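Have a look at this one before I ask anything.
So you know, we letter chains A, B, ... as the sequences are listed, proteins then strands, and number each from 1. On a predicted model such as this, the values are computed, not experimentally measured, just so you know.
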2 protein chains.
Amino acid sequence: MPDDLQIDIDRGSPVPLYHQVAQAFEQAIREGRLPPETKLENEIDLAKRYNISRPTLRQAMDKLVRDGLVVRRRGVGTQVVGPRVRRSLKLSSLYNDLRDSGVQPTTSVLTFETVVSADEVADRLGLPAETEVYHLRRLRSIDGQRLGIMENYLPLSVGTLTRESLEQDGLYNVIRRQGTDFQMAHQTVGATVATADQAELLGVSPGSPLVTVQRTALDSSGTAIEFGDHVYRADLYSYETTLMNR
Amino acid sequence: MPDDLQIDIDRGSPVPLYHQVAQAFEQAIREGRLPPETKLENEIDLAKRYNISRPTLRQAMDKLVRDGLVVRRRGVGTQVVGPRVRRSLKLSSLYNDLRDSGVQPTTSVLTFETVVSADEVADRLGLPAETEVYHLRRLRSIDGQRLGIMENYLPLSVGTLTRESLEQDGLYNVIRRQGTDFQMAHQTVGATVATADQAELLGVSPGSPLVTVQRTALDSSGTAIEFGDHVYRADLYSYETTLMNR
DNA sequence: AAGTGGTCTAGACCACTGT
DNA sequence: CAGTGGTCTAGACCACTTG
């Protein structure tokens with residue numbers, strides 16, 4: 001199965017070559033130009049074809065493997081993974097589906113204040129006990145549908161937050177604009193049932209299932225910049241991941 | 001902060017060098033020999049120190065970054081990440097904690113049969129409609145505590161499954177022993193509330209929160225080898241991940 | 001035996017950060 | 001400015017799978 005795949009590489013671009021190549025393959029796969037089961041050319045020929053070195057091409061392939069788009073086997077080759085594993089079950093990923101199709105989620109700020117942090121919050125953020133922190137509580141909706149309640153704690157050092165900026169833009173965008181850059185986060189996903197308060201805010205019956213997400217986010221220096229404790233309606237939200245073996 | 005870190009590299013070992021190096025660093029970090037915030041030596045000096053090339057050392061560092069143990073910044077250096085983000089909240093990760101501390105989970109097989117697959121199951125496994133597949137339903141417990149109900153569908157081509165082998169060993173171990181190797185999986189994590197049946201099996205009240213996990217697993221040729229639909233008690237189970245930016 | 005991906009080397013230049 | 005990680009090259013040898 002030969003490749004008539006056209007890839008334009010712009011060596012003047014600030015975008016790394018391996019990223020350009022990976023992106024081109026990803027697009028081709030998602031558009032069906034490289035159907036499932038397709039066997040790709042071997043690494044050496046592909047590298048020649050695109051006039052890049054083999055290590056650079058491999059870096060691109062590594063990315064595709066990590067994203068679950070292709071599978072490699074030593075002695076055999078590289079194959080495009082079937083689409084069924086890239087599809088979501090039931091309407092679970094409505095949230096991502098909608099956002100990816102260009103529908104913007106809206107956010108209303110329920111609470112915006114600074115508080116003296118509880119011990120657990122201070123600990124999570126790596127701050128001394130009883131430090132003052134931002135505390136916010138927001139209701140996220142999509143298309144008029146109430147989706148979840150998000151509660152966040154942030155050190156004052158992230159910069160100036162205002163109710164208005166948070167209504168207009170995502171929390172991370174507001175923070176990024178002030179110079180702190182999100183680097184990684186640790187998340188715990190679980191389940192609970194709606195309390196009376198939560199049920200009323202979300203427009204569901206008390207006792208309805210909710211997905212819980214607790215997240216600590218770090219900036220590029222490894223400093224904690226946010227602790228979030230969120231609940232989402234289980235019928236509208238679920239969490240998807242790809243696991244790799246090694 | 002200099003490194004008196006001793007790393008023994010065995011060039012005769014079949015274990016790749018980058019893996020040996022990454023593992024040594026990971027162990028040192030987890031044991032506290034490299035405390036949080038510690039700045040590592042630069043890549044070139046580290047490579048010299050361990051007598052490996054810089055690309056090989058970088059491969060090891062990439063692994064540490066992906067696992068959330070260190071953070072790198074261009075122009076600055078590499079730092080060990082604080083431990084608070086590697087710790088789990090509440091007793092949520094009891095399952096992993098227990099397994100990691102050597103307690104073996106036990107499994108009882110509730111149902112073991114072959115059935116003609118429903119359309120959705122066949123689709124998930126990439127099989128023609130109405131193909132015969134294994135169907136199993138198991139109850140997982142830990143320390144006498146009932147933890148979750150696991151329902152799985154597998155193509156007959158994975159090999160011979162028996163009730164006995166499943167009682168004794170994990171499903172994946174049974175499969176692996178027959179030559180098929182797990183390569184990657186796509187997972188969807190959500191929430192629901194216990195039905196009467198589920199509640200009785202798990203020893204909780206109907207309406208209790210449950211964590212749902214749906215998973216499709218692929219072997220190294222990209223063929224689906226398992227579709228699983230599981231529920232776990234939310235008070236005993238949660239799902240943890242690390243997200244990276246890029 | 002031929003073909004594949006997996007690992008490794010010894011350089012090079014660049015982009016970014018801090019002083 | 002010096003020092004760092006980020007990217008890239010052009011090879012080499014090995015381990016594994018398949019015919």
Picking from C/dG5, D/dT17, D/dT7, the nucleotide nearest the side-chain atoms of A/Q59 would be D/dT7
If the cut-off is 4.0 Å, is A/R11 near the phosphate of D/dT9, judged by side-chain N/O to OP1 or OP2?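 For D/dT9, OP1/OP2 do have a side-chain N/O of A/R11 under 4.0 Å.
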Donor-acceptor side-chain pairing of B/Y239 and B/Q187 below 3.5 angstrom: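 Their side chains do contain a donor-acceptor pair, which is all the 3.5 Å distance test asks for.
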Rounded to the nearest Å, what distance is computed from the NZ atom of residue A/K48 to the P atom of nucleotide D/dA10?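 Distance, rounded to whole Å: 12 Å.
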In whole angstrom, give the distance that lies between atom CD of B/E41 and atom P of D/dT4.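 After rounding, the gap between these two atoms is 9 Å.
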Of the nucleotides D/dG5, C/dT7, C/dG6, which one has an atom closest to the side chain of A/R74?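 Among the listed nucleotides, the one closest to the side chain of A/R74 is C/dG6.
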Reckon B/L17 touches a base, only the sugar-phosphate, or nothing at all at heavy-atom distances under 4.0 Å? sugar-phosphate
Nearest whole angstrom, please: distance from the C1' of D/dT17 to the NZ of A/K39.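 To the nearest whole Å, that distance equals 10 Å.
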Under 3.5 Å side-chain donor-acceptor pair for A/T216 and A/R124: yes
Donor-acceptor side-chain pairing of B/T114 and B/E132 below 3.5 angstrom: yes
d(CG, B/L46; P, D/dG3) in whole Å: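 Distance, rounded to whole Å: 16 Å.
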Phosphate-side-chain proximity, B/N42 and D/dG3, N/O vs OP1/OP2 below 4.0 Å: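 So the side-chain polar atoms of B/N42 never come under 4.0 Å of the phosphate oxygens OP1 or OP2 of D/dG3.
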Looking at D/dG5, C/dG6, C/dG11, which one has an atom nearest to any side-chain atom of B/R72?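 Among the listed nucleotides, the one closest to the side chain of B/R72 is D/dG5.
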Ignoring backbone atoms, test whether A/S53 places a side-chain nitrogen or oxygen under 4.0 Å from the OP1 or OP2 oxygen of D/dG11. no
What is the separation between atom OH on B/Y50 and atom C1' on C/dC8, rounded to the nearest whole Å? 18 Å
So, B/R11 and B/N51: side-chain donor and acceptor under 3.5 Å apart, yes or no?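 Absent: no donor and acceptor within the cut-off.
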Closer than 3.5 angstrom, by distance alone: can the side chain of B/R163 be matched with the main-chain N or O of B/V109 as a donor-acceptor pair? yes
Separation of B/Q79 atom CD from D/dT4 atom P, in whole Å? 14 Å
Do any side-chain nitrogens or oxygens of B/R58 fall under 4.0 Å of OP1 or OP2 in D/dT4? no
C/dG5, OP1 or OP2 - any side-chain N/O from A/T78 closer than 4.0 Å? yes
Comparing nearest nucleotides in DNA chain D, the 5'-proximal residue of the pair B/R73, A/R73 is B/R73
Is it the case that B/R140 and B/T107 place a side-chain donor and acceptor less than 3.5 Å from each other? yes
Ignoring backbone atoms, test whether B/Y18 places a side-chain nitrogen or oxygen under 4.0 Å from the OP1 or OP2 oxygen of C/dC8.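 No.
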Protein-nucleotide distance (B/H19, atom NE2; C/dC8, atom P), rounded to Å: 11 Å
Quick one: A/I52 CD1 to C/dA12 C1', roughly how many Å, whole number? 18 Å
Closest approach to the side chain of A/R54, judged atom by atom: which nucleotide of D/dC13, D/dG6, C/dT17 is it? D/dC13
Reading DNA chain C from 5' onward, which residue's closest nucleotide shows up sooner: A/P55 or A/D45?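 Looking at the nearest nucleotide for each, A/D45 comes out on the 5' side.
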